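Here the structure comes first, spelled out in structure tokens, and everything after it is commentary.
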Amino acid sequence: MDLSGAENQMLIAKSINDSMQKSSWIRKMFEEGARLKAIHGADKVFDFSIGNPNLPPPPKFYEALAAIAADRTPGIHGYMANAGFMETRKAVAARVSKEQKLEVAAENIIMSVGAGGALNAVFRAILDAGDEIVIPKPLFVEYAFYADNHHCSIKPAATADNFDIIIENIEAQFSEKTRAVLINSPNNPTGKVYSEANLKALAELLGRMEAKYGREIYL
């Protein structure tokens, strides 16, 4: 079935059709890279679009994967708890606790399929229709689609020439609709790692904005 043109607009929701028309340029670059590789050879096209690893996993990965696949324990390959296997959550909690120098319990860890799945789950939990998310820009373009999934919108805030967060620009995007500020460090796509001073200033701003608007604002 051909889903292009006017027929496509009748078959699917308008919001989905609009999203397809504005689909990520990152994915379009990835698809163009695959097309060019087929023409010119994979060794002649260098694709920096979606961040696919260009090195294979270490041998231990394959060994562990084979061992898990070969496990015949009854129920081992069935559904798990929604939050993930407890042994996995304990391992992640231990690593995060060591890395962040802050004790995190396994009960507070939820496994997800990638950052996109995790963000959509978080947005589902904290956002009401019409809420806004403030994000420093340049930003990962998919964030706007994630917000739209929950009938919300993003408010981009320009960063400095060295991509530091400009607190005044973040503050200027706040309103009574602001529910969260979304950052990632290292930033995608700039690679910027925010300084401790930058993050402390952001935390102070969030405290002031919560007091001003009388609602919890998540980071």
Side-chain angles (χ1 to χ4, degrees), residues 24 26 48-55 58 83-84 88-128 131-147 150 152-219:
S24 169
I26 298 173
F48 297 104
S49 56
I50 65 171
N52 264 331
N54 62 352
L55 295 172
T88 306
R89 295 164 67 196
K90 286 180 179 178
V92 172
R95 179 180 178 124
V96 172
S97 297
K98 181 179 179 181
E99 181 182 78
Q100 299 296 324
K101 298 180 175 59
L102 180 70
E103 194 63 32
V104 177
E107 289 74 16
N108 293 329
I109 296 289
I110 296 176
M111 306 309 298
S112 73
V113 182
L119 277 173
N120 274 284
V122 170
F123 287 171
R124 177 72 173 170
I126 69 172
L127 298 176
D128 290 314
D131 280 345
E132 296 173 347
I133 306 158
V134 180
I135 310 177
K137 67 176 183 182
L139 55 93
F140 181 49
V141 293
E142 297 295 325
Y143 291 157
F145 292 102
Y146 298 167
H150 308 283
C152 298
S153 59
I154 65 169
K155 299 293 291 289
T159 53
D161 289 342
N162 68 348
F163 302 121
D164 271 342
I165 295 171
I166 300 177
I167 298 301
E168 293 77 12
N169 290 355
I170 295 284
E171 184 172 0
Q173 298 300 329
F174 271 80
S175 74
E176 67 280 354
K177 296 180 181 179
T178 303
R179 191 55 159 170
V181 174
L182 175 59
I183 64 171
N184 52 326
S185 181
N187 176 267
N188 182 357
T190 67
K192 176 68 179 182
V193 176
Y194 299 124
S195 68
E196 182 177 358
N198 222 196
L199 294 175
K200 284 183 175 179
L202 179 59
E204 190 275 332
L205 171 66
L206 291 180
R208 285 195 288 111
M209 293 298 100
E210 286 185 332
K212 178 178 179 178
Y213 293 112
R215 69 185 312 202
E216 187 154 13
I217 299 172
Y218 297 91
L219 179 61

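Both backbone and side-chain heavy atoms feed into the values below; hydrogens, waters and symmetry mates do not. No experiment lies behind these values; they were computed from the predicted model shown.
- Under the side chain to side chain contact (heavy atoms under 4.5 Å, CB included) criterion, Lys137 pairs with Leu139, Pro156, Ala158, sequence neighbours left out.
- At least one side-chain heavy atom of Tyr143 sits less than 4.5 Å from a side-chain heavy atom of Asn184.
- Using a cut-off of 4.0 Å between Lys/Arg side-chain N and Asp/Glu carboxylate O, Glu204 and Arg208 are scored as salt-bridged.
- The stretch residues 104-116 participates, sequence neighbours left out, in no side chain to side chain donor-acceptor pair (under 3.5 Å) pair at all.
- A donor-acceptor pair is defined here as one N or O able to donate and one able to accept, closer than 3.5 Å; such a pair exists between the side chain of Asn198 and the backbone of Ile165.
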For a side-chain contact (heavy atoms from CB on, under 4.5 Å) check, start with the C-alpha distance between Val122 and Tyr218, then their side-chain angles and the critical distance, and finish with the verdict. CA-CA 10 Å; Val122 170; Tyr218 297 91; over 6 Å; no
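- Listed by first and then second residue, the side chain to side chain donor-acceptor pair (under 3.5 Å) pairs that reach into residues 113-124 are Asn120-Asn149, Asn120-His150, sequence neighbours excluded.
- With sequence neighbours excluded, no residue forms a side chain to side chain donor-acceptor pair (under 3.5 Å) with Ser195.
- To the nearest 0.5 angstrom, Glu171 atom CD is 11.0 Å from Thr178 atom OG1.
- Salt-bridge annotation for Arg215 and Asp128: absent, with no side-chain N of the basic residue lying under 4.0 Å from a carboxylate O of the acidic one.
- Within 6.0 Å of atom CG in Leu199, more than 12 heavy atoms from other residues, nucleotides or ligands are found, so the atom counts as buried in its surroundings.
- Listed by first then second residue, pairs satisfying side chain to side chain donor-acceptor pair (under 3.5 Å) with a partner in residues 92-101 number zero, not counting sequence neighbours.
- Checked by atom type and distance alone, the side chain of Arg179 never pairs as donor or acceptor with a backbone atom of Leu127 at under 3.5 Å.
- The line from CD1 of Ile135 to OG1 of Thr159 is 12.5 Å long, rounded to the nearest 0.5 Å.
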Verdict with supporting geometry, Tyr146 and Leu182, side-chain contact (heavy atoms from CB on, under 4.5 Å): CA-CA 12 Å; Tyr146 298 167; Leu182 175 59; over 6 Å; no
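- Under a cut-off of 6.0 angstrom, the local environment of NZ in Lys155 is crowded, with over 12 non-hydrogen atoms contributed by other residues, nucleotides or ligands.
- Under the side chain to side chain contact (heavy atoms under 4.5 Å, CB included) criterion, Ala144 pairs with Ile154, not counting sequence neighbours.
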